[in-house]
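Read the structure below first, then the notes.
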Amino acid sequence: MSQIDSPQRGRLRAAGEAVLAAFFLLGAVLAQPSPAPAAGSVEPLVDVDWVKANAARDDVRLLDIRNKIGGGSAAVFAEGHIPGSVYSDYLRDGWRSKRDGVPGQLPPVADLEALIGGLGIGNDDHVVIVAAGASALEMGSATRVYWTFKVLGHDAVSILDGGYRAYAADPSNPVARGPSSPEATIFTADFRPEMIADRNDVAAAMKAGTVLIDNRPTAQYLGQSSHPAAQRPGTIPGAVSVPESQLTDDKGRFVSSGRVSELLQAAGVGAEDEGAITFCNTGHWASLGWFAQSEILGRKNVRLYDGSMVDWTAQKDLPIEVKGQ
């Protein structure tokens, strides 16, 4: 006959049931999909393996922005893209607009909210930007859209390093075909004006000796050539040159943080130089320079002059420096 009386058996049974319930609860928790990543855990650059492992997650949105700079279009997207991607043409769909006669400016916040929400991207989504991976010029499409998300207060954003070219390099990677038809959602911005520099900020920085970094090709920096919309050749007085072409390789992959540091040091920009402002012609190449410093090196107080040389040269009272003169 058992030496355990009925009350003891009841207590043991209850304890066993509690342990079993806890076991099943733990299993259910472990089976749940991973929550949306915290802003601090999102890397600015992700590789193809990361995309393949995470593209199917409910909180990940692949944003394909291929455009004519790299031979892309909606038709090219329909011919082949990473499964789960949505498409938006960087040059045609409203990521940039003309303001005060200067092309390529940041559009009104409300317009960007409508654009992003219309792509099915919400505030809880981790956005991965997919460019073509054709060149530094073309990868500037990705960094400009990345910067736009950051300006709008959305930190869960990354760039596929090497773009679609890196993904398509392995013929075993799955490819989807056809247009994208995202279900619209609500995206609400938390605008960060402190990330943007205007001509007055740049003029003040020039007088204060703050580092100004020209990310245009060397010939434009020297004043040997200029953008068709620029009123005068040359650069902002005192600016140093870090050409955009040096920030990626010929496959659209970004250089290392060590290489970025070397490029800045060669231009005379040290780790102690705070609050640099990057510029180019209309803020496209400058976004590559901003990304290299802010996101690859982690210098979070770098600003981008959105109007850049097209805006600067239109102001007759603002000075221009032509190197060698």
Side-chain angles (χ1 to χ4, degrees), residues 34-46 54 57-65 85-86 88 90 93-100 102 104-131 140-160 182-202 205 274-279 282-284 286-308 311:
S34 300
S41 66
V42 173
E43 295 295 330
L45 291 171
V46 297
N54 292 277
R57 286 172 44 175
D58 289 340
D59 63 319
V60 171
R61 295 289 182 271
L62 302 180
L63 175 57
D64 191 317
I65 59 164
S85 300
V86 296
S88 183
Y90 163 71
D93 289 352
W95 291 100
R96 307 175 75 189
S97 64
K98 180 177 285 189
R99 188 174 67 249
D100 298 330
V102 179
Q105 303 298 281
L106 190 74
V109 171
D111 292 353
L112 289 168
E113 288 176 325
L115 170 61
I116 293 168
L119 293 168
I121 297 171
N123 290 89
D124 294 331
D125 292 325
H126 179 181
V127 182
V128 179
I129 301 165
V130 181
S141 305
T143 53
R144 176 69 190 213
V145 172
Y146 180 104
W147 174 81
T148 299
F149 272 101
K150 289 284 187 172
V151 168
L152 297 178
H154 191 84
D155 288 325
V157 58
S158 305
I159 293 173
L160 173 58
E183 182 177 345
T185 188
I186 300 298
F187 178 87
T188 303
D190 183 10
F191 188 55
R192 293 169 170 162
E194 67 274 12
M195 292 181 60
I196 308 171
D198 61 19
R199 73 177 79 103
N200 294 323
D201 296 321
V202 174
E274 298 289 334
I277 297 175
T278 66
F279 68 93
T282 61
H284 177 91
S287 70
L288 281 161
W290 173 87
F291 184 87
Q293 292 183 78
S294 175
E295 308 304 282
I296 295 178
L297 281 186
R299 298 182 182 180
K300 296 301 182 183
N301 57 351
V302 178
R303 290 180 289 170
L304 187 153
Y305 177 19
D306 197 21
S308 287
D311 176 65

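Note that these values count all heavy atoms, side chains included, but never hydrogens, waters or copies made by symmetry. Here the structure is a predicted model, which is why all the values come from computation and not from measurement. The first residue of the sequence shown is numbered 1, and numbering continues consecutively from there.
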Rounded to the nearest 0.5 Å, what separation is found between the [atom1] atom of [X] and the [atom2] atom of [Y]?
{"X": "Ser158", "Y": "Leu63", "atom1": "OG", "atom2": "CG", "result": "12.0 Å"}
{"X": "His284", "Y": "Leu288", "atom1": "NE2", "atom2": "CG", "result": "6.5 Å"}
{"X": "Ser97", "Y": "Asp111", "atom1": "OG", "atom2": "CG", "result": "7.5 Å"}
{"X": "Ile121", "Y": "Arg61", "atom1": "CD1", "atom2": "CZ", "result": "8.0 Å"}

What is the minimum heavy-atom distance between [X] and [Y], and which atoms define it?
{"X": "Leu119", "Y": "Pro182", "value": "O-CB, 3.3 Å"}
{"X": "Ser141", "Y": "Tyr90", "value": "OG-CD2, 3.4 Å"}
{"X": "Leu160", "Y": "Val128", "value": "N-CG1, 4.1 Å"}
{"X": "Gly94", "Y": "Pro107", "value": "O-CG, 3.3 Å"}

Applying salt bridge (charged side-chain N to carboxylate O under 4.0 Å, His left out), name anything that partners [X], two or more places apart in sequence or on another chain.
{"X": "Asp201", "answer": "Arg303"}
{"X": "Arg199", "answer": "Asp311"}
{"X": "Asp306", "answer": "Arg99, Arg144"}

Using only atom types and a distance under 3.5 Å, with no angle test, would you say the side chain of [X] pairs donor to acceptor with the backbone of [Y]?
{"X": "Asp100", "Y": "Val102", "answer": "no"}
{"X": "Arg96", "Y": "Thr282", "answer": "yes"}
{"X": "His154", "Y": "Thr148", "answer": "no"}

- Counting only heavy atoms not in Glu183, do more than 12 fall under 6.0 Å of its CD? no

- Taking atom types as modelled, find out whether Trp290 and Thr143 have a side-chain donor-acceptor pair closer than 3.5 angstrom. no

Donor-acceptor pairs under 3.5 angstrom involving side-chain atoms of residues 291-299: please list them, not counting sequence neighbours.
residue, atom, partner, partner atom, Å
Glu295, OE1, Tyr146, OH, 2.5
Glu295, OE1, Lys300, NZ, 3.4
Glu295, OE2, Lys300, NZ, 2.8

- Message: Side chains of Trp147 and Leu106, heavy atoms from C-beta outward: is any pair under 4.5 Å?
- Response: yes

- Query: Listed by chain and number, what are the ring pair (Phe, Tyr, Trp, His ring centres under 6.0 Å) partners of Tyr305, not counting sequence neighbours?
  - Reply: none

- Message: Going by the rule side chain to side chain contact (heavy atoms under 4.5 Å, CB included), which residues pair with Thr188 if we only count those two or more places apart in sequence or in a different chain?
- Response: Glu113, Asn123, Ile186

